[in-house]
Amino acid sequence: MSTDSTSSGLPTEADVAAQHGDLVIERLVYWYFIAAIGYLFVSMSGGLMMALQLVQWNPLHDSEYLSPGRWRMVHTNAIAYGFIANSFLGALHWAIPRLTLKPVLDKRLSYFIFFAWQVVVLATAVGIVMGQAQGVEWGETPVWIDPLALAGLALVAVNFMAPIIQMKGPLYVTLWYFMAAFVWTFLTYAMGNFVPQYFVSGTSAGVIAGLFIHDLVGLFVTPLAWGLMYYFVPILLKKPIWSHGLSIVGFWGLAFFYPLQGIHHFLYTATPDFLEYGAVISTIAVEFVVTTVVINFFGTIWGSGRAVVTNLPIRWFYTGMVLYFVTCAQCALQVTHTFQKLIHYTDWVVGHAHLVMFGVFSMWFFGMMTYLFPRLLKTSWYSRSLCEWHFWLSAGGIVVMFLDLSLGGMFQGYFWASLQPWDVSIEGSQPFWVTRLFAGLAIISGQLAFVYNLWKTWRLSKKNAKTSNGVA
């Protein structure tokens with residue numbers, strides 16, 4: 001971020017540094033990140049149990065409450081509403097006050113939202129385990145939790161929109177993304193959790209569910225994540241974003257073309273053809289939008305490429321960005337009826353989902369945490385090597401898992417297309433599922449290295465604080 005960037009809506013670094021203590025609730029940022037990491041391990045536990053189930057070694061097969069079907073929903077919900085939502089809330093509490101030079105609407109409201117959101121996520125997990133799930137992917141939250149979650153999203157929007165609205169002058173593109181995300185997330189959550197439950201059924205409910213699943217990624221996760229990328233990357237590279245014009249093109253392209261494309265996962269269903277073709281066209285349009293965004297970020301790092309080696313957060317960000325382009329290119333392939341006919345309902349889609357959620361967005365969160373934890377704890381990371389292990393085990397694990405599931409999905413498609421018995425496809429999938437298990441174990445090992453490093457860094461920060469206070 002350049003220090004003379006007020007013309008683009010950015011405050012100067014000197015102003016931010018002078019007011020940081022009054023603007024940012026660092027303790028809350030830290031709490032949100034710790035909560036996010038806790039839910040990440042809950043989700044990974046569910047994923048591990050599913051992986052063991054697929055290789056026919058389920059250690060908890062006698063428990064109804066720990067059955068694979070229920071833990072799979074805990075796995076996906078803990079990622080969406082536990083890990084990702086908490087990571088966002090922590091990062092937003094850092095970025096928005098520093099971008100606007102104004103605090104959130106009410107710090108007491110921020111603390112209330114923190115505890116209320118943990119209650120919502122934990123209650124969702126308990127409700128799912130008890131068998132109270134709704135039949136909508138990512139919308140499995142029990143019906144009695146939905147109004148509470150929606151009220152929580154409204155409070156989040158009010159708390160963060162207040163400082164943005166008070167700003168004068170041009171808004172940096174990050175704030176455009178944030179404002180849109182607050183509105184889109186509220187509407188998307190209401191659409192997916194209330195409309196299929198109370199207002200429509202059958203094919204119509206399926207169409208709404210298809211939109212909801214994809215829009216939750218594209219209109220909740222994507223705008224907030226890209227907004228944070230537009231904030232953190234220029235700061236870390238110490239240069240402005242390459243093109244503010246392209247950043248605006250990316251924002252409006254997402255707004256216009258993303259909402260309809262969710263149905264592209266429902267080709268070859270009872271969904272009407274005109275909706276399927278609409279999804280195909282909007283998906284192809286989004287590919288061009290994504291390309292402009294990726295070009296913009298690679299234009300920003302042009303001339304500073306060595307940062308991906310020396311700067312760990314930048315490495316996380318740009319690795320996730322490359323994988324983001326890969327997954328979007330994969331989208332353009334799988335929305336064609338020809339290819340969808342082969343990979344429909346196979347592990348290809350599972351690999352695609354894991355690449356998006358872990359290979360892209362989780363990597364960006366790890367980049368933010370790698371950058372912010374030393375600032376929150378007032379000390380450097382305990383071990384650079386453990387940071388490296390965190391990155392390489394995570395990146396290696398997700399790339400292997402993605403390639404494995406993509407290939408396995410194609411094999412499954414050919415098995416089914418040749419009308420062979422179901423058992424044949426199960427036996428043929430076993431090598432891929434074993435590989436998936438080990439790739440998942442590599443990812444889990446990377447997160448264990450991260451947590452151990454964080455714990456040692458926290459211990460180091462306590463020791464340094466005692467030393468500086470003259471206690472030790």
Side-chain angles (χ1 to χ4, degrees), residues 39-40 42-43 45-47 49-50 53 63-86 88 116-157 181 183-222 259-266 269-271 275 279 344-345 349-350 352-354 356-357:
Y39 290 119
L40 175 64
V42 172
S43 178
S45 300
M49 290 178 66
M50 281 303 301
Q53 168 74 13
S63 172
E64 173 189 357
Y65 300 110
L66 299 177
S67 59
R70 298 184 188 186
W71 265 97
R72 182 196 169 279
M73 289 186 279
V74 171
H75 171 62
T76 54
N77 273 267
I79 279 293
Y81 305 115
F83 176 65
I84 288 179
N86 274 298
F88 273 139
W117 192 252
Q118 310 319 313
V119 170
V120 166
V121 178
L122 288 173
T124 298
V126 172
I128 290 173
V129 170
M130 298 300 290
Q132 298 181 11
Q134 299 180 69
V136 178
E137 178 80 18
W138 268 13
E140 299 96 343
T141 46
V143 292
W144 54 274
I145 295 175
D146 289 334
L148 299 176
L150 205 59
L153 292 173
L155 291 176
V156 169
V183 177
W184 290 340
T185 304
F186 183 87
L187 296 176
T188 301
Y189 190 89
M191 174 184 72
N193 286 272
F194 292 100
V195 175
Q197 181 73 27
Y198 300 111
F199 301 106
V200 297
S201 59
T203 303
S204 300
V207 170
I208 296 295
L211 283 175
F212 168 69
I213 297 167
H214 224 265
D215 285 356
L216 203 63
V217 177
L219 302 180
F220 159 50
V221 181
T222 300
L260 283 179
Q261 69 163 315
I263 298 172
H264 70 214
H265 282 294
F266 287 77
T269 67
T271 304
L275 286 176
H344 203 59
Y345 292 137
V349 182
V350 181
H352 176 68
H354 279 80
V356 173
M357 301 313 295

Residues pairing under side-chain hydrogen bond (donor to acceptor under 3.5 Å, both in side chains) where one sits in residues 191-204, two or more places apart or in two chains, turn out to be Thr141-Asn193
In short, Gly127 meets Pro142 closest at the heavy-atom pair CA-CG, 3.6 Å
Looking only at heavy atoms, the pair that brings Gly82 and Val121 closest together is CA-CG1, 4.0 Å
Separation between OG1 (Thr124) and CH2 (Trp144), nearest 0.5 Å, reads 7.5 Å
In short, Ile208 meets Pro196 closest at the heavy-atom pair CG2-CG, 3.7 Å
**Study point:** Close side-chain approach of Val221 and Leu216, heavy atoms under 4.5 Å
**Key:** no
Rounded to the nearest 0.5 angstrom, the CG-OH distance for Leu219 and Tyr189 is 16.0 Å
The reported gap from OG1 in Thr185 to CG in Asp215 (rounded to nearest 0.5 angstrom) is 10.5 Å
* Asked: Ring centroid separation for Phe88 and Phe220, is it under 6.0 angstrom?
  -> yes
d(Trp138 CH2, Ile79 CD1) to nearest 0.5 Å is 8.5 Å
Closest non-hydrogen atoms of Ile128 and Ala133, given as atom of the first, atom of the second and distance, are CG1-CB, 4.4 Å
Look only at the side chain of Ser43 and the backbone of Leu40, and say whether a donor-acceptor pair between them is shorter than 3.5 Å. no
To the nearest 0.5 Å, atom OG of Ser45 lies from atom CE of Met50 at 14.0 Å
>> In the structure I gave you, are the side-chain heavy atoms of Gln118 and Asn86 within less than 4.5 Å of one another anywhere?
In response: yes
Exercise for review: For the residue pair Met357 and Ile84, establish whether any side-chain heavy-atom pair is separated by less than 4.5 Å.
Suggested key: yes
Is there a side-chain contact between Gln134 and Asp146 (heavy atoms, below 4.5 Å)? yes
Looking only at heavy atoms, the pair that brings Phe199 and Phe194 closest together is CD1-O, 3.6 Å
**Study point:** Flag side-chain contact, heavy atom, 4.5 Å: Val74 against Tyr39
**Key:** no
Q) Are side-chain N/O atoms of Gln53 and Trp71 paired as donor and acceptor at under 3.5 Å? A) no
| said: Tell me whether Arg70 is salt-bridged to Glu140, with the criterion being a basic N under 4.0 Å from an acidic carboxylate O. | reply: no
d(His214 NE2, Thr222 OG1) to nearest 0.5 Å is 9.0 Å
Closest heavy-atom pair, Phe212 versus Gly139, reported as atoms and distance to 0.1 Å, is CE2-N, 3.6 Å
